[in-house]
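Below: the structure, in structure tokens.
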Amino acid sequence: MLVRKMIDVNHSEVERYLGYKGTPSDGITSEMIDFCVSELNDAAEPKYIYRQYDVVFTESGGTCEIDIGRMKTCSSNLTHNLKGCTKAFLLAATLGLGPDRLIARSEITSIVKAAIYQAAAAAMIEAYVDGVNKEIKNKAFEQGLFTRPRFSPGYGDLPLVLQKDFAAMLDMPRTVGITLTESLLMKPSKSVTAIIGLSGRDTSCVTEGCEVCVRRGECEFSRVTE
Ligand code: SF4
């Protein structure tokens, strides 16, 4: 289990989560964003954990199973994303309960502020995971391997029930304080789990994912499903 503090949040990412398209927010909103990001940084207790596993593809009766350690699943989107990968990291990261408390409090006093906290916290957990992802990229490189974009349960056809495997394999409640609700949502809410495939082929994937990659239209490994 590792801990980081002070997460650098991109202002325009928060605006994007708030629904601004192309035009920047007005001065008052912009100041509120800066204030909320600062408060969230004070309240957050970010933690992450990752572990590496072997990846094995098996095919029987026309269906392909993917084994990542003891995690077993069947997903055409993930098969695409992990094509050629022999190993993968499972990752879990969270901002802790502080941001959830700030959001809950502001929902009582100001719905506008609550929306900004929500957007800022969403941008913050993504920025945090991008940082962890870069560290994983370096770890892979030390082994002569290259990372694919991260892939989370619930994305495309990858079932959300895999959250249970993440919780058990990474011992999430003990290592990073993430628990699952009955409907498999994570608590704290600003948490992420992801599979990051490792391959011997350098595809120079961008950490932020296929959605922002210039090669997404032609790439055989793209996780973008449309
Ligand atoms: S589209 Fe870009 S980021 Fe996605 S798998 Fe291909 S090279 Fe990697």
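Just so you know, ligand 1 is whichever comes first in the structure, and atom 1 is the first atom listed for that ligand. These numbers come from a predicted model, not from an experiment. Values reported hereafter were calculated over all heavy atoms of this structure, with side chains retained and with hydrogens, waters and symmetry mates removed.
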Checklist entry - Heavy atom of Arg215 under 4.0 Å from ligand 1? => result yes
Checklist entry - What are the atoms of ligand 1, with element, lying closer than 4.0 Å to any heavy atom of Thr203? => result 7 (S)
Checklist entry - Please state which protein non-hydrogen atom is closest to atom 6 (Fe) of ligand 1 and give its distance, to 0.1 Å? => result Cys219 SG, 2.3 Å
Item to check | Contact flag Cys205/atom 4 (Fe) of ligand 1, N/O/S atoms, threshold under 2.8 Å | outcome: no
Next on the checklist: By the definition side chain to side chain contact (heavy atoms under 4.5 Å, CB included), identify the one residue from Asp67, Val56, Thr58 that meets it with Lys72.
Outcome noted: Asp67
Checklist outcome for this item: Taken to the nearest 0.5 Å, the spacing of Ile66 CD1 from Leu162 CG works out to 9.5 Å
Next on the checklist: Between Thr147 and Asn133, is there a side-chain donor-acceptor contact under 3.5 Å, judged purely by atom types and distance?
Outcome noted: no
Checklist entry - Taking everything shown except Asp202 itself, do over 12 heavy atoms lie less than 6.0 Å from its CG? => result yes
Item to check | Numbering as shown, the atoms of ligand 1 that approach Val206 to under 4.0 Å (heavy-atom distance) | outcome: 3 (S)
Next on the checklist: Under a 4.0 angstrom heavy-atom cut-off, which atoms of ligand 1 come close to Pro149?
Outcome noted: 3 (S), 4 (Fe), 5 (S)
Item to check | Closest approach of any protein heavy atom to atom 2 (Fe) of ligand 1, naming residue and atom | outcome: Cys213 SG, 2.4 Å
Checklist entry - What is the nearest protein non-hydrogen atom to atom 4 (Fe) of ligand 1, stated with its residue, atom name and distance? => result Cys210 SG, 2.4 Å
Next on the checklist: Check this for me, if you would: do Glu13 and Arg16 make a salt bridge, where the nitrogen-to-carboxylate-oxygen distance has to be below 4.0 angstrom?
Outcome noted: yes
Checklist entry - In terms of side-chain geometry, is the basic nitrogen of Asp130 or Arg150 positioned less than 4.0 Å from the acidic oxygen of its partner? => result yes
Checklist outcome for this item: Atoms of ligand 1 under 4.0 Å from any heavy atom of Phe221, numbered from 1 in the order shown, are 5 (S)
Item to check | For Arg216, the ligand 1 atoms whose distance to one of its heavy atoms is below 4.0 Å | outcome: 1 (S)
Item to check | Any Leu90 side-chain heavy atom under 4.5 Å of Thr193 side chain | outcome: no
